[in-house]
Structures are given as structure tokens and as C-alpha cells.
Amino acid sequence: MDAIELLLTRQSDSNLSFPGPNESQLEIIKKAALKVPDHGGLAPWKFIVVNEDARDKLGEIYYNAAVEEQQNERTVSRAKELPHRAPMLIIAISPHQEHPKVPRVEQIESAACACFAMQQAAFAQHLSGVWRTGYFAQSPAVKRELGLNEKDEIVGYLYLGTPTVQCTKPVRHEPNTFFTEL
């Protein structure tokens, strides 16, 4: 797949199944994450790979957080199963670093670019994925259980696997709606 085709056809797929990325595919995905803009060379990212066997552990972390933080019944009841929506997840994190020239928001943006680059790399290898956030990306209990501090940002959970439905999603937006000239 060439770069232009990748950029113009990439889509998110939430219906994912096995197989997930194999070792060589995962290595490419990891390398893609590290090629993103990185002002000051801070490398403001950290990634936790959740392989199929570790999904139960992440589900327990979600469940315990939802109970501890008194989330609604639906959130608690779904917590353990959420990591099972794909064979692999990569948790993209922006560890907080004080820096006089690189503001926090720029560090988070760099980690977000890394998450997107990983999804692109998966798609280019005929895998697919979906980038999710929500309550479990903001939960102080989840951050604590993952060994993060309160200022660290979970930028997203990148779910990766093989798409179960082959359908091209329609174009949602036209460029002239969002681009103007000065």
C-alpha cells in the first residue's frame, strides 16, 4: 500500500478479531510510533502492549476502577469485557514532563500522533484498529494501577486486530468545508 492510498483509505474498525499483529507486524507498528514529531527530543510517550493473555488483567483494572470510583451499573458490568474487543491493545500514554520550551499540550499531541501512526502502520499491513478513550482513559484509579501519576495522560487505547467486516466507510467530510485561505 503506498502512502497516499494509506492516507486516503484508512478507517477505524471496531469489529476486530484474531489474528492480531504478529511479532514482525508489531515491530513495524512500534517503529512507526517513534517517527512522529518530537519537539525538543523529549520522547513524550510511553506504550503498554496488552496481548491477548493480558486482556483479563486490564479488564480487572477497569472493573476495580469502576467500582472504586462508583461508576454507573453499565460501566461496571462491561468493564471486564472491554479489553476483549480486539486481540491486542496498545495503551498510548504521555508522561508529564516539565519543560520550558515544550508545553504539556504539545507533548500530549506528540503522543496522539504516535497513536495515529501506529493505527496507520497496522492498516498498511492489512490489519485494522480503533482508537478509544472515554472514562477508562481519564480514571485516576486506572492510571494508578498502570503505574502512572495524576498528570500523565492516557491518550488512548488502540485496539488492533483483523477486521471482521470488509466495508469501506463513506466519505464524511469534504476538504472545502474545513480549509480556507488567508
Side-chain angles (χ1 to χ4, degrees), residues 1-38 43-63 65-66 75 78-95 107-139 142-143 145-146 148 152-173:
M1 178 178 296
D2 72 23
I4 298 300
E5 180 185 3
L6 172 65
L7 291 168
L8 297 180
T9 61
R10 185 224 61 92
Q11 63 186 32
S12 294
D13 291 302
S14 57
N15 294 318
L16 302 168
S17 187
F18 289 89
N22 63 36
E23 284 184 39
S24 62
Q25 290 170 320
L26 181 58
E27 191 60 28
I28 291 169
I29 290 167
K30 289 176 177 180
K31 288 178 180 179
L34 307 181
K35 295 298 289 181
V36 299
D38 178 14
W45 344 278
K46 176 182 177 179
F47 307 100
I48 301 172
V49 178
V50 182
N51 287 306
E52 54 190 84
D53 296 338
R55 294 176 304 162
D56 287 337
K57 182 177 180 180
L58 183 59
E60 286 295 324
I61 290 171
Y62 284 179
Y63 176 80
T75 301
R78 295 178 60 220
K80 289 183 181 182
E81 292 306 313
L82 293 177
H84 291 270
R85 295 185 285 191
M88 179 183 287
L89 290 83
I90 299 177
I91 306 170
I93 300 157
S94 180
Q107 294 175 43
I108 294 168
E109 291 165 343
S110 182
C113 287
C115 196
F116 182 67
M118 290 188 291
Q119 188 182 23
Q120 292 283 77
F123 192 78
Q125 297 178 87
H126 306 289
L127 295 163
S128 199
V130 63
W131 176 357
R132 296 182 184 272
T133 55
Y135 160 69
F136 293 108
Q138 300 299 314
S139 164
V142 169
K143 289 181 181 183
E145 291 303 311
L146 293 175
L148 309 178
D152 293 344
E153 283 292 325
I154 297 175
V155 174
Y157 296 94
L158 183 60
Y159 289 74
L160 297 172
T162 300
T164 59
V165 179
Q166 297 294 332
C167 66
T168 303
K169 294 182 180 174
V171 174
R172 296 185 304 177
H173 307 291

- prompt: Where do R78 and E81 land on the side-chain contact (heavy atoms from CB on, under 4.5 Å) test, with the steps shown first?
  reply: CA-CA 6 Å; R78 295 178 60 220; E81 292 306 313; 5.8 Å; no

field: Worked verdict on Q120 versus L7 for side-chain contact (heavy atoms from CB on, under 4.5 Å)
entry: CA-CA 8 Å; Q120 292 283 77; L7 291 168; 3.3 Å; yes

Check against side-chain contact (heavy atoms from CB on, under 4.5 Å), I91 and F136: CA-CA 11 Å; I91 306 170; F136 293 108; over 6 Å; no

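The two residues V142 and A65 make their nearest non-hydrogen contact at CG2-CB, 3.6 Å. The two residues T9 and F123 make their nearest non-hydrogen contact at O-CZ, 3.4 Å. Shortest non-hydrogen contact noted between R132 and S14 is NH2-CB, 3.2 Å. Considering every non-hydrogen atom in both M1 and A124, the closest pair reads SD-CA, 4.1 Å. Closest of all the heavy-atom pairs between A32 and A121 is CB-CB, 3.7 Å. Closest approach of A86 and L16 over heavy atoms only: CB-CD1, 3.9 Å.
Here CG of L82 is found 5.5 Å from OH of Y159. Values are rounded to the nearest 0.5 Å. Separating the CE atom in M88 from the CG atom in D53 is a distance of 10.5 Å, to the nearest 0.5 Å. The structure places OG of S128 at 8.5 Å from CG of L160, a figure rounded to the nearest 0.5 Å. Taking CG of N22 as the start and CD of E27 as the end, the distance is 11.0 Å to the nearest 0.5 Å. With values rounded to the nearest 0.5 angstrom, L146 atom CG is found 5.0 Å from I61 atom CD1. For the atom pair I108 CD1 and E153 CD, the distance stands at 4.5 Å (nearest 0.5 Å).
Classification of the Y62-Y157 ring pair by plane angle, with boundaries at 30° and 60°, yields perpendicular.
When atom types are taken as modelled, the side chain of W45 and the backbone of C115 share no donor-acceptor pair closer than 3.5 angstrom. Put simply, the side chain of S17 never gets that close to the backbone of T162: no donor and acceptor are under 3.5 Å apart. In this structure a side-chain-to-backbone donor-acceptor pair under 3.5 Å is present from Q125 to Q25.
Under the salt bridge (charged side-chain N to carboxylate O under 4.0 Å, His left out) criterion, E60 pairs with K80, sequence neighbours left out. Evaluation of the side chain to side chain donor-acceptor pair (under 3.5 Å) rule for Q119 yields R10, S12 as partners, not counting sequence neighbours.
Of the options L58, N51, V49, a side-chain contact (heavy atoms from CB on, under 4.5 Å) to L89 is made by L58 and by none of the others.
Residues P83 and V50 are not in side-chain contact: their nearest non-hydrogen atoms beyond the backbone lie 4.5 Å or more apart. Side-chain contact between L148 and K46: present, with at least one pair of heavy atoms (C-beta onward) separated by less than 4.5 Å.
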